[in-house]
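These notes are about the structure you will find just below.
Excluded from the calculations below are hydrogen atoms, water molecules and symmetry mates; all remaining heavy atoms, backbone and side chain alike, are included.
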Amino acid sequence: MKKVALVTGSTNNIGKSIAHVLAGQGFYIIITSRNEKEARAVSESLPQKGSYFRVDFSKAEDIENLFNFIKEKFGRLDVLVNNVAYTKNESILDCDLKTWEYTINTNLRSYYLCTKFAAEMMKKQGGGKIVNITVSSTRAQRINSHIWWQRAA
């Protein structure tokens with residue numbers, strides 16, 4: 001039976017490269033994205049045919065639907081690579097609550113939910129591998145605290 005791997009955030013950069021490497025090693029890959037067209041294109045570009053699923057990782061119900069799809073279509077999951085990330089690269093002073101919640105739900109809650117659902121499947125099948133990748137901001141901003149505190153006072 002062919003091993004199944006789910007790579008979140010797999011239509012760009014690191015995730016896309018990981019998906020290609022795993023497919024080249026014989027894994028059946030599930031590509032995910034909020035954009036179904038992008039996910040399908042990456043899936044079709046893999047060394048071995050893969051599958052794709054449209055999912056917004058900021059939404060718990062989308063994640064649950066993804067794992068229901070995996071259970072129904074494959075009945076197993078051997079590898080989970082949590083790689084999805086969202087960043088707006090803005091100053092905390094410019095970040096509104098909606099952006100903050102979207103970021104937390106995508107970058108933290110999705111890892112928890114994917115890990116939980118994957119671990120439940122893997123336990124039933126006798127094991128598997130879970131890899132978590134974190135990404136930090138690509139841009140830093142210096143805040144002159146003396147001036148900021150003067151304005152805030």
Side-chain angles (χ1 to χ4, degrees), residues 1-92 94-141:
M1 172 169 276
K2 187 172 263 205
K3 292 192 175 190
V4 178
L6 167 63
V7 181
T8 70
S10 49
T11 57
N12 293 298
N13 306 320
I14 294 170
K16 187 175 181 180
S17 295
I18 291 170
H20 276 270
V21 168
L22 289 173
Q25 293 176 355
F27 284 86
Y28 188 92
I29 308 298
I30 303 160
I31 301 293
T32 60
S33 177
R34 287 175 299 184
N35 183 316
E36 187 173 340
K37 188 176 179 180
E38 280 183 4
R40 180 179 34 236
V42 172
S43 176
E44 291 170 354
S45 75
L46 295 173
Q48 296 186 56
K49 183 180 179 342
S51 189
Y52 62 92
F53 196 86
R54 194 215 63 78
V55 57
D56 180 341
F57 283 100
S58 73
K59 297 179 180 175
E61 66 189 47
D62 278 16
I63 296 169
E64 187 170 0
N65 290 338
L66 167 64
F67 279 86
N68 287 335
F69 164 79
I70 294 168
K71 286 177 195 171
E72 290 170 15
K73 183 160 183 171
F74 307 104
R76 65 181 297 114
L77 182 63
D78 300 284
V79 174
L80 164 65
V81 179
N82 276 316
N83 173 69
V84 70
Y86 174 80
T87 182
K88 202 168 179 183
N89 284 332
E90 65 186 0
S91 164
I92 191 68
D94 299 323
C95 183
D96 58 33
L97 184 58
K98 184 177 178 181
T99 302
W100 174 251
E101 289 175 342
Y102 186 85
T103 303
I104 291 299
N105 288 341
T106 302
N107 297 356
L108 294 176
R109 188 176 68 176
S110 75
Y111 279 48
Y112 161 77
L113 290 172
C114 288
T115 299
K116 181 178 177 10
F117 292 137
E120 289 169 353
M121 290 179 71
M122 291 173 180
K123 182 177 180 183
K124 287 179 185 175
Q125 68 194 33
K129 307 288 186 220
I130 298 174
V131 178
N132 293 311
I133 298 173
T134 61
V135 177
S136 63
S137 175
T138 57
R139 182 181 77 179
Q141 282 190 327

Could you check Asn82 against Thr115 for side-chain hydrogen bond (donor to acceptor under 3.5 Å, both in side chains), going step by step and ending with a plain yes or no?
-> CA-CA 8 Å; Asn82 276 316; Thr115 299; 3.0 Å; yes

Roughly how far, to the nearest 0.5 Å, is the CD atom of Gln48 from the CD1 atom of Ile29?
-> 8.5 Å

Look at the side chain of Thr8 and the backbone N and O of Asn83, then say whether any donor-acceptor pair between them is shorter than 3.5 Å.
-> yes

Minimal non-hydrogen separation, Gly50 against Leu46, with atom names = CA-CD1, 4.0 Å

Start with the C-alpha distance between Lys3 and Phe74, add both sets of side-chain angles, then the distance that settles side chain to side chain contact (heavy atoms under 4.5 Å, CB included), and finish with yes or no.
-> CA-CA 9 Å; Lys3 292 192 175 190; Phe74 307 104; over 6 Å; no

Considering all heavy atoms, the nearest Met122-Leu80 contact = CE-N, 3.9 Å

Any chance you could measure Asn65, atom CG, to Glu72, atom CD, to the nearest 0.5 Å?
-> 9.5 Å

Between Lys124 and Glu120, is there a salt bridge with N-O shorter than 4.0 Å?
-> no

Sort and list the pairs that fulfil ring pair (Phe, Tyr, Trp, His ring centres under 6.0 Å) and have at least one residue in residues 41-62, not counting sequence neighbours.
-> Phe53-Phe69

Please confirm whether the backbone N or O of Thr99 pairs with a side-chain atom of Thr103, one donor and one acceptor, at under 3.5 Å?
-> yes

First locate atom CE of Met121, then atom CZ of Arg76, and finally report the distance between them rounded to the nearest 0.5 Å.
-> 9.0 Å

Atom pair OG1/CG of Thr87 and Asn107 - distance to nearest 0.5 Å | 7.5 Å

Might you work through the side chain to side chain contact (heavy atoms under 4.5 Å, CB included) test for Cys95 and Lys88, ending with a clear yes or no?
-> CA-CA 9 Å; Cys95 183; Lys88 202 168 179 183; over 6 Å; no

Kindly give the heavy-atom pair with the smallest separation between Phe67 and Leu77, and that separation in Å.
-> CE2-CD2, 3.7 Å

Side-chain (Tyr111) to main-chain (Val84) donor-acceptor, under 3.5 angstrom | yes

Roughly how far apart are Arg54 CZ and Leu66 CG, rounded to 0.5 Å?
-> 10.5 Å

Taking all atoms of both residues into account, what is the closest heavy-atom pair of Ala85 and Thr106, and its distance?
-> C-CG2, 4.3 Å

Donor-acceptor pair, side chain of Ser10 and main chain of Val7, under 3.5 angstrom = yes

Just checking, is any N or O donor in the side chain of Ser58 or Asp56 under 3.5 Å from an acceptor N or O on the other one?
-> yes

Are Phe117 and Glu64 side-chain neighbours, meaning at least one heavy-atom pair lies under 4.5 Å?
-> yes

Looking only at atom types and distance, does a side-chain atom of Ser33 sit under 3.5 Å from a main-chain N or O of Thr11, one as donor and one as acceptor?
-> no

Let me see the working for Arg34 and Asp62 under salt bridge (Lys or Arg N to Asp or Glu O under 4.0 Å), right down to the final yes or no.
-> CA-CA 10 Å; Arg34 287 175 299 184; Asp62 278 16; over 6 Å; no

Which heavy-atom pair separates Lys73 from Ser51 by the least distance, and what is that distance?
-> NZ-OG, 3.8 Å

Rounded distance (nearest 0.5 Å) linking atom OG of Ser43 with atom OH of Tyr28 | 6.5 Å

Under 3.5 Å, which donor-acceptor pairs link side chains of residues 15-25 to any protein atom two or more places apart or in another chain?
residue: Ser17; atom: OG; partner: Asn13; partner atom: O; Å: 3.3
residue: His20; atom: NE2; partner: Ser45; partner atom: OG; Å: 3.3

Which pair of heavy atoms, one from Val81 and one from Val79, lies closest together, and at what distance?
-> CG2-CG1, 3.9 Å

Please check if atom NZ in Lys98 has more than 12 non-hydrogen atoms from other residues, nucleotides or ligands closer than 6.0 Å.
-> no

